[in-house]
Peer 1: 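I'd like to ask some things about the structure below.
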Amino acid sequence: MRLEILLTAGFFLIGTCLTGYALCRVLRLKHEGILFSVVSGAMFWWALMELILVPMTLNLKSFHDFTVLYNILIGICCLAGVFCWKELLEDVREVLKTSGRYLTPGHLAAFGLICFQLYFIHHHMYLEWDDTYYVNLANEAVFSDKIYWVYPETGSFADFDKRYVLSLWPIFYAWLSRLTGVIPTIMAHTILPWIMIPMAYGVYELIGRRIFAEDRELQGMFLALAVLLHLFMSGTHTSGLTFLSITPWVGKGVLAAVLFPMLFYLVLRTAGQEKTGDWILLGVTCMGGCLLSSMGIMLSPLFVGVAVLLTAVYKRKFRYLCCGLGACLPCIVLGIYYIYLKH
């Protein structure tokens, strides 16, 4: 199983990194580094999946057809990233040249705590009762070749559950299962935590770099504090902090631990730099949040809208509201369609 973990994590890291570099070139966001490229590439993967998965699900397309189309599109994105090899090599050289100053006591403490968290979840697995629905949804996609045609808790054919049909996060690890040959249950419980936990703390590292841009020591302390909060400050098993420690394969957990911190980071970027590419990436991230959970359809535009409104009032710039509305547009469209489905 260690080999499957390494191969899946390596594929995700390399694929999202190449996609991120291609995305940064298109959006004219240069010299952002490897970590930013990996995280932004993952947001694009999720947004792309949401974009093609919703219409294919509603039109009763098979899981095989979805995987073929999605594989082609992801392959094109990765191939586009290969043409950014000069930027990638420059960033690798920069990391190697300045690796000494990255090893602060805070970062070393954070790294040790992250390793402990990964060890804990690998050896003391928590089985969430929602797995009977969500993980089985992925199993049905792989083994019956049907996306949400079969009710996952009973195995009977049923109409779409309107609460979940627009946010089919289990199809993401069902897709990874199809690529690797690992069944979705093992992919969710054993392999996916090794991707989601480091990715979550990668986002916190980006936030630390943005808040404490001139102090590397404080960046390390911020990251270590974030890890400590996730490990020891959770009160119940359903809090956002707990999800990352015990059920990082659940869409609500990824929404709370990865997506919302990423939205916070991008709001800081757009307020500080005011680049068009940052606004587009904010919209891409909002769409990616719609894949994770139906709560993302509502909470993502709520968070972004309030933050953009406060920024517009503070800076007295009306265009912030227009750009923020554009970034929230995918969520607004899906939200309206959700209301239409429910009525």
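Keep in mind that what you see is a predicted model, and the values were worked out from it rather than measured.
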Peer 1: Are M287 and L334 in one and the same hydrophobic cluster, where Ile, Leu, Val, Met, Phe, Trp and Tyr link if side-chain heavy atoms are under 4.5 Å apart?
Peer 2: no
Peer 1: Under 4.5 Å between side-chain heavy atoms, counting indirect links through other Ile/Leu/Val/Met/Phe/Trp/Tyr residues: same cluster for F116 and I5 or not?
Peer 2: yes
Peer 1: For Y173, give me all partners under side chain to side chain donor-acceptor pair (under 3.5 Å), at least two apart in sequence or on another chain.
Peer 2: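 Partners of Y173 under the side chain to side chain donor-acceptor pair (under 3.5 Å) test: none.
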Peer 1: For the pair H230 and L113, evaluate side-chain contact (heavy atoms from CB on, under 4.5 Å) and give the outcome as yes or no after the intermediate values.
Peer 2: CA-CA 10 Å; H230 278 280; L113 290 169; over 6 Å; no
Peer 1: Measuring only between side-chain heavy atoms, which start at C-beta, is C17 closer than 4.5 Å to L88?
Peer 2: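 Sidechains of L88 and C17: in contact.
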Peer 1: Ignoring hydrogens and angles, tell me if any N or O in the side chain of S167 forms a donor-acceptor pair with the backbone of C290 under 3.5 Å.
Peer 2: yes
Peer 1: For K275 and L27, indicate whether the former's side chain and the latter's backbone hold a donor-acceptor pair under 3.5 Å.
Peer 2: no
Peer 1: Ring-plane angle category for Y204 and F222, please: parallel below 30°, perpendicular beyond 60°, tilted otherwise.
Peer 2: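 Y204 and F222: tilted rings.
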Peer 1: Can you tell me how far the SG atom of C78 sits from the OH atom of Y21, to the nearest 0.5 Å?
Peer 2: 14.0 Å
Peer 1: Tell me whether W175 shares a hydrophobic cluster with I76, the cluster being built from Ile, Leu, Val, Met, Phe, Trp, Tyr side chains joined at under 4.5 Å.
Peer 2: no
Peer 1: When you compare the side chain of R209 with that of F36, does any pair of heavy atoms fall below 4.5 Å?
Peer 2: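 No, too far: nothing below the 4.5 Å cut-off.
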Peer 1: Got a sec, which residues hit salt bridge (charged side-chain N to carboxylate O under 4.0 Å, His left out) with K317, two or more places apart in sequence or on another chain?
Peer 2: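 K317: salt bridge (charged side-chain N to carboxylate O under 4.0 Å, His left out) contacts with E274.
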Peer 1: If hydrophobic clusters are built from ILVMFWY residues whose side chains come within less than 4.5 Å, do F11 and L79 share one?
Peer 2: no
Peer 1: List the steps and the verdict of side-chain contact (heavy atoms from CB on, under 4.5 Å) for E4 and M187.
Peer 2: CA-CA 9 Å; E4 285 83 354; M187 176 62 66; over 6 Å; no
Peer 1: Cluster question for you: counting only ILVMFWY and a side-chain heavy-atom cut-off of under 4.5 Å, with indirect links fine, are L69 and L168 together?
Peer 2: yes
Peer 1: Could you tell me which non-hydrogen atom of C24 sits nearest to which non-hydrogen atom of S37, and how far apart they are?
Peer 2: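 Where C24 meets S37 most closely, the heavy atoms are SG-OG, 4.4 Å.
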Peer 1: Can you list every side chain to side chain donor-acceptor pair (under 3.5 Å) pair that touches residues 293-307, not counting sequence neighbours?
Peer 2: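 Those involving residues 293-307 do not exist here.
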Peer 1: Applying side-chain contact (heavy atoms from CB on, under 4.5 Å) to L192 and L176, what does each step give before you reach the verdict?
Peer 2: CA-CA 9 Å; L192 206 61; L176 289 176; 4.1 Å; yes
Peer 1: Taking all non-hydrogen atoms of both residues, which atom of A141 and which atom of I171 are closest, and how far apart?
Peer 2: CB-CD1, 3.8 Å
Peer 1: Grab the two heavy atoms, one from A312 and one from Y320, that are nearest each other, plus how far apart they are.
Peer 2: CB-CB, 3.7 Å
Peer 1: Atom CG of L281 and atom CG of L263: how far apart are they, to the nearest 0.5 Å?
Peer 2: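 L281 CG to L263 CG: 10.0 Å, rounded to 0.5 Å.
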Peer 1: Under a 4.5 Å cut-off applied to non-hydrogen side-chain atoms, are I114 and F111 in contact?
Peer 2: no
Peer 1: Heavy atoms, side chains only, cut-off 4.5 Å: are P261 and I207 in contact?
Peer 2: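 In short, these two side chains touch, coming nearer than 4.5 Å.
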Peer 1: Kindly write out the residues that satisfy salt bridge (charged side-chain N to carboxylate O under 4.0 Å, His left out) with R178, not counting sequence neighbours, or none if the list is empty.
Peer 2: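 Once residues adjacent in sequence are excluded, R178 has no partner under the salt bridge (charged side-chain N to carboxylate O under 4.0 Å, His left out) criterion.
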Peer 1: Quick one: closest heavy-atom pair of V182 and S177, and the distance?
Peer 2: O-CB, 2.9 Å
Peer 1: So, do I191 and F12 sit near enough that their side-chain heavy atoms are less than 4.5 Å apart?
Peer 2: no
Peer 1: Hey, is the main chain of S62 close enough, under 3.5 Å, to the side chain of D145 for a donor-acceptor pair?
Peer 2: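 No; zero donor-acceptor contacts below 3.5 Å.
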Peer 1: So do the side chains of P170 and Y133 get within less than 4.5 Å of each other, counting heavy atoms only?
Peer 2: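 No. Closest side-chain heavy atoms not under 4.5 Å.
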Peer 1: Any side-chain heavy-atom pair from L329 and L325 closer than 4.5 angstrom?
Peer 2: no
Peer 1: State the CG-CE distance between L35 and M199, to the nearest 0.5 angstrom.
Peer 2: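 The distance works out to 9.5 Å.
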Peer 1: If you take all heavy atoms of I121 and P248, which pair is closest and at what distance?
Peer 2: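 Here I121 and P248 meet closest at CD1-CD, 3.2 Å.
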Peer 1: If you define the side chain from C-beta out and look only at heavy atoms, does anything of I147 sit under 4.5 Å from L53?
Peer 2: yes
Peer 1: Determine the interplanar angle of the F303 and F260 rings, folded into 0 to 90°, and report it as parallel if under 30°, tilted if 30 to 60°, perpendicular if over 60°.
Peer 2: tilted
Peer 1: About how many Å separate NZ of K315 and CG of L310, when rounded to the nearest 0.5 Å?
Peer 2: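 L310 atom CG to K315 atom NZ measures 13.0 Å (nearest 0.5 Å).
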Peer 1: Applying side chain to side chain donor-acceptor pair (under 3.5 Å) as the test, list every pair that has at least one member in residues 5-20; sequence neighbours left out.
Peer 2: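 Every pair satisfying side chain to side chain donor-acceptor pair (under 3.5 Å) with a residue in residues 5-20: T19-W45.
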Peer 1: What do the steps show when you test M43 against L23 for side-chain contact (heavy atoms from CB on, under 4.5 Å), and what is the final call?
Peer 2: CA-CA 10 Å; M43 298 299 116; L23 181 64; over 6 Å; no
Peer 1: Once you round to the nearest 0.5 Å, how far does CD1 of I74 lie from CE of M49?
Peer 2: 7.5 Å
Peer 1: Starting at CZ of F172, measure out to OH of Y70 and round the result to the nearest 0.5 Å.
Peer 2: 6.0 Å
Peer 1: Under the 3.5 angstrom rule, does the side chain of W169 hit a backbone N or O of W249 as a donor-acceptor pair?
Peer 2: yes
Peer 1: So which atom in A174 and which in V142 form the shortest heavy-atom distance, rounded to 0.1 Å?
Peer 2: O-CG2, 3.7 Å
Peer 1: How would you list all residue pairs meeting salt bridge (Lys or Arg N to Asp or Glu O under 4.0 Å) that involve residues 58-87, not counting sequence neighbours?
Peer 2: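 Pairs touching residues 58-87 that pass the test: R25-E87.
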